[in-house]
Structures are given as C-alpha cells and as structure tokens.
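Chain identifiers are assigned alphabetically (A, B, ...) following the order of the sequence lines, protein sequences preceding nucleic acid strands; residue numbering begins at 1 within each chain. Just so it is clear, the values below take in all heavy atoms, side chains as well, and ignore hydrogens, waters and symmetry mates.
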Amino acid sequence: GAMELPPSHFPAARAAAVAVGYLRYLRGGPGRRLELRELRRARRQDIDDVGHKYYLELELEDVLDNDRTVSCTAEVLYHLGSKTSAPDVQVTVQGELRSTEEADKEFYNRIRSLEKELVAENIPDSHGNIPPELEPIHLLAWVASGYVIWQNSTENTKLHLAQVKHVKQVKRSDEDLQFDYVVLLHEMVSQEVLPWEVSVLWHPQRGARVRRCHGPGAAR
Amino acid sequence: HTQLDFWLSPRGLGLPVDVRVPFPSLQAVKAHLEAAGVSYSIMIEDVQALLDEEQTEMLRSSRVLALSTDTFNYEAYHTIDEIYSFMDMLVAENPNLVSKLEIGRSTENRPLYVLKFSTGGTNRPAVWIDTGIHSREWVTQASGVWFAKKIVQDHANNEGVASILETMDIFLEIVTNPDGFAFTHTTNRMWRKTRSKNSGSICVGVDPNRNWDAGFGGAGASGNPCTETYHGPYPNSEPEVKSIVDFVKSHGNIKAFISIHSYSQLLLYPYGYTKTPVPDQQELHELSAKAVAALSSLHGTKYKYGSIITTIYQASGSTVDWTYNQGIKYSFTFELRDTGRYGFLLPAKQIVPTAEETWLALKVIMEHARDNMY
C-alpha cells in the first residue's frame, strides 16, 4: 500500500517538482505561466523490483489568468537503479486551462516577422529584471527546462531553471519556431548550477517539442 | 531641412567646422561634401550611444553618493563598497546604539564586519543574525541592510525591537562572505562558496555552510574541491567561519543564532547531519510555527518548516548544527524567497517585502528568546 508523506518533507517536494516540470512541458507556452502554490498531499508506494511511486495532490496557479487556482493530481514513478531512465509521470489537470490562443498567435507573428533572428542573454539579469518583450521567451525556456528537469530528475535531485544564459532563434523553412537555449539549471541537493543546451520547436497549435538537449554528464 | 547642428560654426576660410548630422540627413550631407571636394572626418560615430552611456554612468555613480541611510535605496541590490559605506553611515548617525566590529579578515583580506546594536550593559545576552554566507543569495545581504535600518528606526520610535534592546544586544553580519560577494558582482553571479585556494586542485572555494565542526566531513557534504558543497580540508579552515566561531566562543552569551539563506521559503532548525532529533525539537518546532505564521501574515508568503535533514536535505558541517551544539538553543536557518521562479535572481522590487515579512519572524524568535532566558 501507499504510505502518507508529510508535504513539508523533501521527498514529496522533489516528486512535485518533477510533476510540475512535466506539466510545464506539456501544457506551458509563451503565454502561460504555471506555478506550484502548494503540495496538498503526498503518498509513496515502494513497488518491489520496479521503484518508488509518488501520488501527489497539487494546487497550481495559472499566473497569467489572474492566479487562478488549478488543481492537479500526479503520479511520479522513479525507476529502480534510476541512472538511465527518466521517471514516468502522469498529471491530470482538473478543469480547463484558460486558452492562450491570442497571446500565442501574437507571439508567433511577432517572431516570424523579425528581420534578424532573435538573440538574447541573461534572462533574468543579475538583478532579476526581465524586459517585458522577453517574457514569452522566458516562459518558453521554462517549458523547455520542464522537459530537461523531467528527464533528468531522481529522488536525490531537485532541479530549477536558474537563468537563461543565452537564446538564439533559428529561422526555419517550415512553420515551427526554433529557439536554441543555453539554460542554467540549479540542482538543490548538490547546489550545482550547470549549463544545459536545449533546442526547442514551438508552434501555436502543435505546442513545444524539444529537438535536442545536452548537458554536463549524461545527455538525454 | 537637414537639421544640421554646428558644434563649431564656420568662422572663416581654412578653419575647421564641426557639425552633428542627424541620421536621415547623413547620405545627403556626405554626397554634398564629396561633390564640393570638401574633405571630412568622423569624430563621433554615434552621439546617442555616448549619451546613453553617460546616463548609465550617472545613475550608477549616483547610488554611491547616498548621503545618509535615509536616502539609501533599500529597493536595489548594492555592491560591497556601497554596503560597507551604508554601515559606516549608520554608525555615524547612531553612535549611541550602533558600533562596527571587525571580527576577522577574509581569504582575500577583506574585513569581516559585524554591526552591534546595544543600549548598554556588559556582555548582555545576545541575538546573532548573519546574511550573505552564500554569496549568490543576494536577497539576504539586501535584507540584512534593511534589518539594520529597521533596528535603528524601531529604537528611535520606541516600538518593535526597542523592548528587546532593553535587555539584549543584536549582532548583525551583513556580508558574511565578502570575497564571494565581490565575485558575484565582477565575474560569476552564481558563485556560492568562499574564494580560498584548494591545495592540489585548480578549483576554488569552500562551502562555508559545510565547514563547521558538527558532523564535519560526514554524509551531506562533498570532499571534492570542485563541488558546491565542498566542506574544506578541516573544520573552520575558512576565515569567514573561524571568525564567527571565535566570536561566539569568546562572547559566551549568545542566546539565539539565525543564519539567513535563500531560496526555498523554509524555516529550519537543527540537525542537518543526523536524523536524531535535537532535545529541544518540540519547542523549536512550535516556535517555528509561530514565526512562520507571523511571516505569512504580512504578504501571504507560504513557508514550510522543520529540521534541516527532514525538510531540505542531509547537510553535515552546517552552521546551526554547530551553534546548537554550543548550547545556543534557538538556532535557526532561514531560506528566504522565492520557491524557484527567480531563485537566486530575485527581482529587486521583492527585497523590501521579503525583508519586512522575514523581520516579523525574526521578532517572534527574538521575543521568545528574551522571554525564555536560559
């Protein structure tokens, strides 16, 4: 059976971070910012010869929809001997997220109409500033980082996007936008801040897809 | 219509003329001069760029010229020189309350300054607060500056911590890791450790929160100098740590010790190095609950609390494990805002709200220490 975990204890918090990373990858975009407001409940099940499975009840907020509350349940399965395998994650969002169709279209058209490919660095800067026109680029970095965090987390790690070190748009002949990021990820347990290269495609209807990612040590 | 702006007007044959040409007129003016056989050279390519640069310099340098702690900008991040200048101004403005102590020197020979707030007495029971032991945690040094001013204001208005200052002293070390802090400004914003050289390694720095003599070198720290949690060659190898150890031991009457970090929004008590609960676990847990409730009451910021090892991770050689084992019962570590959205790069406009709410929690702890003297 599953054992109840105090939400204030770190095993539950780490699993929640994986679930949120996964959800950001699937449902995030340049016009959507999802934040974890509270981990309400956590249980853990140790499955022989398989791994550890966490059952989570999360309260998120859709920041750009007036901080509207979004309730989710999630399951995070860390595989035994988890060095080579990403956790299996399932997230169920209760209700509908507000449509970002307009903001997405506006962003898409703005980037497509740029004469020179967009290039930016240090988002946020040392003082935490983000120029407003770069906020969608920042949000997209969180989407791409969500993938990296999901793919590279274990029960002994907790990853956050610390900073976008560099981002370069790569113009494409098809309809996707492509952004090649160098992101700094902060790992809470070791306290390391390490660079990851992530190349991501994005399209208003198709959403985000990571084409390639490469980090120090294992690359997934 | 060309809108030429003569900086040195035509004065006579054979004398030079200096003219600023607006961009839209550039081609036309060049063509005209070339057609007339008039030679020219470009003195300044882009006047606007120069103006912008000058403006930036003026704004930047105007911050150094804060003339008093009343005109100091608490809503911005500052350099080490600006903070040290703030400290001197605070002492100069309040000589009967505030003094500055030098408790040692960093690896790169920067002074380690502690502000002492005291209304008198001799070696009164005291509260110790440090910020900035991990240099990249900029909201903590910035909050420390705000705390210093707040203490002075409360005392002047006979409210808040004024009553605590009747019977206790407050020691505040704002830039606990000055070498690291300078490095975050000049070279690497994400630098955490000290800047000491490690023999036999090209890697620099020791984690000052793994260098204390409590479970030193055990699980929860690294023996590799190239890592962020490197514990150092031996306990108190870092002058930044040793100076505090020496201070605490020679003072002998510190009753509450609070070490401030960011980020994660946590209030933590010992131990980090072992799962064994501290004897005072229940009291510290209840006090944490009260402190966190006070913090949340201001802006709704949510904090979790508990022992280090259950709440965040196992950590050996950490500050408050050592201070607790020295007999300082009320030993706490804060992890301030936020929970990862901006992390270390917390926007400057959150400095004051963070400092304000944290101060409410600190007051709860200080008042409890005062009312439960041991």
Roughly how far, to the nearest 0.5 Å, is [atom2] of [Y] from [atom1] of [X]?
| X | Y | atom1 | atom2 | answer |
| --- | --- | --- | --- | --- |
| Gln191(A) | Met190(B) | CD | CE | 11.5 Å |
| Lys304(B) | Phe10(A) | NZ | CZ | 14.0 Å |
| Ser126(A) | Asn188(B) | OG | CG | 9.5 Å |
| Arg192(B) | Glu192(A) | CZ | CD | 9.0 Å |
| Leu194(A) | Glu228(B) | CG | CD | 8.0 Å |

Can you establish whether the number of heavy atoms outside [X] located under 6.0 Å from its atom [atom1] is more than 12?
| X | atom1 | answer |
| --- | --- | --- |
| Glu117(A) | CD | yes |
| Glu106(A) | CD | no |
| Glu59(A) | CD | yes |
| Gln94(A) | CD | yes |
| Glu4(A) | CD | yes |
| Leu114(A) | CG | yes |
| Glu96(A) | CD | no |

Between [X] and chain B, with a heavy-atom cut-off of 4.5 Å, which part of the residue counts as in contact: side chain, backbone, both or neither?
| X | result |
| --- | --- |
| Asp125(A) | backbone |
| Glu35(A) | side chain |
| Leu161(A) | backbone |
| Ser190(A) | backbone |

(message) Out of Thr229(B), Thr227(B), Thr311(B), return the one with the most heavy atom pairs under 4.5 angstrom to chain A.
(response) Thr311(B)
(message) For the interface with chain A, which of Thr310(B), Asp207(B), Leu266(B) has the highest count of heavy-atom pairs at distances below 4.5 Å?
(response) Thr310(B)
(message) Can you list the residues of residues 339-348 of chain B that sit under 4.5 Å from chain A, counting heavy atoms only?
(response) Thr339(B), Gly340(B), Arg341(B), Tyr342(B), Phe344(B), Leu345(B), Leu346(B), Pro347(B), Ala348(B)
(request) Select one option (side chain, backbone, both, neither) describing which atoms of Ile309(B) are under 4.5 Å from chain A's heavy atoms. (result) backbone
(request) Give, as side chain, backbone, both or neither, the part of Ser307(B) having an atom under 4.5 angstrom from any heavy atom of chain A. (result) neither
(request) Answer whether the closest heavy-atom distance between the side chains of Arg189(B) and His127(A) falls below 4.5 Å. (result) no
(message) Less than 4.5 Å apart, side chain to side chain, heavy atoms only: is that true for Arg14(A) and Tyr313(B)?
(response) yes
